[in-house]
**Student:** 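Below are the structure tokens for one structure; questions will follow.
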Amino acid sequence: MQHPDAPDGVLGGRRVLITRSGDRARPLASLLSSLGAEPLLLPLIDFERAADQPALDAALDGLAAGSFDWLVVSSITTVRMLVEKAAERGTTPARLVPAGTRVATIGPSSRRILESVGIPVALAPVDIQSAEGLVELWTAAPERVLLPQADIAAPSLRDGLAAKGAAVTAIVAYHTVDFPARDGLRLDAELPSAVGISDQAAPRQLSPSQTRGELDAGTIDAVVAASPSAARRIAATLLPLGTCRFIAIGRPTAAEAAALGIPVAATAQVPTPDGIVAALGTVFANEGNTR
């Protein structure tokens, strides 16, 4: 199979390390496998339920009651939280959002995921698929915004919306932790198969010691970081990378890696499996497909 953004055969035989858990890595792993690459897993970060559940529940109660003009969803993990909270309440994610509340997100991928659970999206950037892109699209107005985020979320989205006049209620939706999350606290709500999480078996998962040996032997061609927190964990646990190329899912991840002294071989232009494959294809094509 030839991918439209990767030259024919350029990924064949390449071994690509994905630093996510099996369920979250599966769409990218499936695409890589279809192109002849060998995906490998080393989960570095995980997600736990928000410690302050009463505060989160109160915010969602306000959302359901129509207290907000907008719900802004900035990550797929936030969608998992909405799915889980809806199940707790014996309802659907769509019923958490009243008809008069519009929903915004940061790109087409998260838009598809929200719509797959029945939540229509009114606003999502296409060109710059990030918090920055959403802020650029946002129309200045004194509107009430609910922004559920990770505990370590950068303030740029909250501050950018506020600078355009929005009254932003930011709430911790989940905690980003080192893998694995603690038993009973992991945020693991299932997303519909329509978003690309198939029944295909997860690829081979490496231990940290196995990964170290592979990196030292030069047998891993690239490592993919899907968030700034993943870049921090790579810096803390995997350096030196040797001949392994670092691929960032977007500009925030690339900036974090650069700040940590990790050379960035390529940055995906869109934060999707297709975008990552295109970035990998560019790197390997420019190197003449030689190791």
Side-chain angles (χ1 to χ4, degrees), residues 18-29 41-64 71-93 95-97 105-106 109-110 113-114 116-117 119 146-155 157-158 169-193 195-197 199 201-203 205-209 211 224-238 249 252-253 256:
I18 307 171
T19 56
R20 311 186 86 180
S21 58
D23 58 339
R24 291 175 171 88
R26 198 162 292 135
L28 174 58
L41 298 187
L42 177 68
L44 293 181
I45 61 171
D46 211 344
F47 305 99
E48 292 183 351
R49 297 176 183 90
D52 193 347
Q53 287 289 304
L56 179 57
D57 284 328
L60 294 176
D61 288 342
L63 175 67
L71 169 66
V72 174
V73 175
S74 59
S75 72
I76 293 172
T77 308
T78 297
V79 184
R80 289 182 186 272
M81 178 276 293
L82 293 171
V83 170
E84 182 168 284
K85 298 304 286 187
E88 284 180 11
R89 295 168 179 230
T91 186
T92 64
R95 289 178 179 167
L96 295 178
V97 185
T105 190
I106 59 171
S109 294
S110 47
I113 291 168
L114 281 161
S116 77
V117 298
I119 299 176
L146 177 61
L147 177 60
Q149 291 183 302
D151 58 321
I152 61 170
L157 182 53
R158 180 196 65 206
T169 298
I171 188 75
V172 173
Y174 58 91
H175 298 280
T176 302
V177 298
D178 292 349
F179 186 88
R182 291 171 289 177
D183 289 344
L185 294 178
R186 186 172 192 259
L187 184 62
D188 55 7
E190 290 293 328
L191 295 175
S193 59
V195 304
I197 299 178
D199 293 331
Q205 182 167 317
L206 302 180
S207 68
S209 61
T211 305
V224 175
S227 65
S229 54
R232 289 191 288 272
R233 288 288 293 147
I234 288 170
T237 62
L238 294 185
I249 198 171
T253 302
E256 184 69 15

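In this chain, numbering begins with 1 at the start of the sequence shown.
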**Student:** Among all residues two or more places apart in sequence or in another chain, which pass the side-chain hydrogen bond (donor to acceptor under 3.5 Å, both in side chains) test with R186?
**Tutor:** S21, D46

**Student:** V117: which residues meet the side-chain contact (heavy atoms from CB on, under 4.5 Å) condition with it, sequence neighbours left out?
**Tutor:**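 Listed in chain order: V79, V83, P93, I119, P192.
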
**Student:** Residues in side-chain hydrogen bond (donor to acceptor under 3.5 Å, both in side chains) with S209, at least two apart?
**Tutor:** S207

**Student:** Does any non-hydrogen side-chain atom of T237 lie less than 4.5 Å from one of L44?
**Tutor:**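 Heavy-atom side-chain distance check passes, below 4.5 Å.
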
**Student:** Within a strict 4.5 Å, meaning less than it, do heavy atoms of the R24 and I18 side chains meet?
**Tutor:**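 R24 does not reach I18 side chain to side chain.
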
**Student:** Which residues pass the side-chain contact (heavy atoms from CB on, under 4.5 Å) test with S227, sequence neighbours left out?
**Tutor:** I45, S229, A230

**Student:** Keeping the roles fixed (side chain from Q149, backbone from A170), state whether a donor-acceptor pair exists under 3.5 Å.
**Tutor:** no

**Student:** Look at D61 together with R89 and state whether they make a salt bridge at an N to O cut-off of under 4.0 Å.
**Tutor:** yes

**Student:** Please determine if R49 and E84 form a salt bridge, counting it only when a charged side-chain N lies under 4.0 Å from a carboxylate O.
**Tutor:**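 Salt bridge flag = yes for E84 with R49.
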
**Student:** Excluding sequence neighbours, so at least two apart, what forms side-chain hydrogen bond (donor to acceptor under 3.5 Å, both in side chains) with R20?
**Tutor:** none

**Student:** With side chains defined as the heavy atoms from C-beta onward, is the minimum distance between M81 and L56 less than 4.5 Å?
**Tutor:**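 Answer yes - side chains close enough.
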
**Student:** Test of understanding: with side-chain hydrogen bond (donor to acceptor under 3.5 Å, both in side chains), list the residues that count as partners of D178, not counting sequence neighbours.
**Tutor:**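 Only R233 meet the side-chain hydrogen bond (donor to acceptor under 3.5 Å, both in side chains) criterion with D178.
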
**Student:** Find out whether V224 and T19 are in side-chain contact, i.e. whether some heavy atom of one side chain is under 4.5 Å from a heavy atom of the other.
**Tutor:**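 Of all side-chain heavy-atom pairs linking T19 with V224, none is under 4.5 Å.
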
**Student:** Ignoring hydrogens and angles, tell me if any N or O in the side chain of S110 forms a donor-acceptor pair with the backbone of S75 under 3.5 Å.
**Tutor:** no

**Student:** Do any N or O atoms from the side chain of H175 and from the backbone of A51 form a donor-acceptor pair under 3.5 angstrom?
**Tutor:**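 Checking the backbone N and O of A51 against the side chain of H175, a donor-acceptor pair under 3.5 Å is found.
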
